[in-house]
Amino acid sequence: MRVAPRPRARGAVAALAAASALVATSLATEVTDTAVSRAVQVGPAPAAAPVVPAAQVPAPLADLDAPDPLRSDSGAAITSVREWEQTRRPELLEAFQEHIYGTSLPAPSSMTVDESGGNGSARRVTITVAGPEGEASFTLRLFVPDSGTPKGTFLLIDHRGSVGDDPGSGGYAPVSAITGAGYALAALDASEVAPDDASSYRDGVIDAFYPAGQDLPADAGRTISAWAWGASRAMDYLQTDAALEMGIDPGAVAVIGHSRGGKAALWAGAQDPRFPVVISNNSGSTGAKLARRDGSGESIAAINNQFPHWFPETYKDYAGDADALPVDQHALLALIAPGRVVVGSATDDGTADPHGEFLSYLGAAPVYELYGLGDTGLSSSNWPPATGKGYRGPGMSYHLRSGGHGLEDADWDIYLGSDLFLR
Ligand code: GCU
C-alpha cells in the first residue's frame, strides 16, 4: 500500500513551516497559524489541584541561569500563545536542530507499507521509505485489544528490539498489560531505522538520504534524530485507513521512549505536533535532564564520547561548556505544549540525574501556562516529591519511581492508569 498525503483539515501549514522542515513536509500534519494542533480529548476538569505557580521558576533552576523559553532571541518577552508559536517556538526548534540534535531528514519521496505480517489483533507492518540515495525498511508491530476500540495508542521507540511478533508480558514492553488496559501498542524497531552502533548507524534510513561514501555534514542528525524521524513515519502509518480499521485513533497517540529512546521521543514530540502525548522515561542527558547540570549525572562530554553516533558533530563543541548552549532541555519539554508532556524518573538513576529532569519539568510550566495548562500537578517545587505517585495537571504529568534505571511495570502502571489522553 502506498501511503498518500491526507488532505489537511484546516488550511495550510503556516507558522511552523519555516522552522521545521520535518513538520512542514510531514504527510498529514495539521497546523493552523494560531495554534499548534494537538488533539487532546477534553475530559472532566481535574480536581482543584495544588499548583506550582508557573511563573515562579524554582530557585535551583534560576541559579543555573538557563535561557528563558519565554524570551526571544531579540530579548523580547513572549507573553501570548501567538508570540510563542510564531516567534519563539520556531527559534527554539531551530536552535535544538543546530546545536544539539542536528538537522532532521526530509520527508521521504515515497513511503509504502506491507501489512501482510501478523493477523487479528497483532499486525506486523513493514514501512519502506525512499530518498534520493535509495530505500530503507523498518518494522512497526501493532497490538490492539481483543475487543473494543483502543482508548489510545502508545508508540514505543523500541531501541532494545524487545517487541517480537508474540505479545510479551512485563517490564519494558508489557504488551498484554497495555492491551488489557484498553490501549494499543505500536512498537517501532528503532535499530532497523538506524542501528545503534558507531560504525553502522547510517545503514538504515540515513543512507537513503546521504551518499554512503561521504561524511555526513557536521550538523546532520545521527541516530537519535533518525529514531525521532522514524516515529513520525510510524505516525504517518497510524493515520492511514488501515490503522483506522484496527481501531487506531490517530488523534490519540503517545510517543514513548525509555532512556536513549526517551531522548528520541522528546525530540519527535517537540517537532511533530501530531503527538498529543509525549512520554520521556528516564531519558536523562540530552533528554529531560537540564544540560546546565553538567556535573550531575552524565555530562555532554561523556555521552558524546561513549555514543559518538547519537548526535551531530556540532553538539560535541559543548563538551565541558554547557553554559554556552543557547537553549536548555526545559525548553525542549516546552516545545511539546499544548500536548501533554510526561516525565518519568527513578530515584536511583544517577546517570539520568532525576533532579535535573524534575527541574526541567518545572521549567517548562511557564510555556504551558500560556495555554492555561501551567498546573504541573505537583504540590510543591521542592525536591524530591513523593515516590510512586503520578502527579497530573491538565497538560503535564510527572512521577518519580523508587529504584534504578528502567522502564518497569510500576512506570507502566502509572502511564496506563492516568488517562493521559484526557485533559
Ligand atoms: C547509557 C547512556 C544514557 C542512556 C542509557 C540508555 O547509560 O549513557 O545516555 O540514556 O545508556 O539508553 O539506557
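Whatever order the structure lists them in is the order used to number ligands and atoms, beginning at 1. Values below: every heavy atom of this structure, side chains too, minus hydrogens, waters and symmetry copies. For the single chain, residues carry numbers from 1 onward in sequence order. From a predicted model like this one, the values you see are computed outputs, not experimental measurements.
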Based purely on interatomic distance, does [X] place a nitrogen or oxygen under 3.5 Å from a nitrogen or oxygen of ligand 1?
| X | answer |
| --- | --- |
| Trp310 | no |
| His405 | yes |
| Asn282 | no |

I need the nearest protein heavy-atom contact for atom 7 (O) of ligand 1: residue, atom name and distance, please.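 Going by distance alone, atom 7 (O) of ligand 1 is nearest to Thr351 CG2, 4.4 Å.
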Heavy-atom nearest neighbour in the protein, as seen from atom 13 (O) of ligand 1, with distance rounded to 0.1 Å: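 Answer for atom 13 (O) of ligand 1: Ser259 OG, 2.7 Å.
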Check: Phe154 ring centre within less than 6.0 Å of Trp412 ring centre: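 For Phe154 and Trp412, the ring centres are under 6.0 Å apart.
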What residue pairs, at least two apart or across chains, pass salt bridge (charged side-chain N to carboxylate O under 4.0 Å, His left out) with a residue in residues 255-266?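 Sorted pair list: Asp196-Arg260.
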Pairing of Arg88 and Asp73 as salt bridge, 4.0 angstrom limit: yes
Look at Asp165 together with Arg141 and state whether they make a salt bridge at an N to O cut-off of under 4.0 Å.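 Yes, this pair counts.
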Heavy-atom contacts with [X] under 4.0 Å: which atoms of ligand 1 show up? List them by number with element.
| X | answer |
| --- | --- |
| Lys263 | 3 (C), 4 (C), 9 (O), 10 (O) |
| Ile303 | 9 (O) |
| Phe307 | 1 (C), 2 (C), 8 (O) |

Those residues that, when tested against Phe209, pass ring-ring contact (aromatic ring centres under 6.0 Å, His included) (two or more places apart):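 Trp229.
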Nearest to atom 3 (C) of ligand 1 by heavy atom, His159, Lys289, Arg260, Glu298: which?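 Answer by nearest heavy atom: Glu298.
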Should the pair Tyr201 and His309 be assigned to parallel (<30°), tilted (30 to 60°) or perpendicular (>60°) ring geometry?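 Rings of Tyr201 and His309: tilted, 30 to 60°.
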If I compare all heavy atoms of His399 with all of Lys389, which pair ends up nearest, and what's the gap? CB-O, 3.4 Å
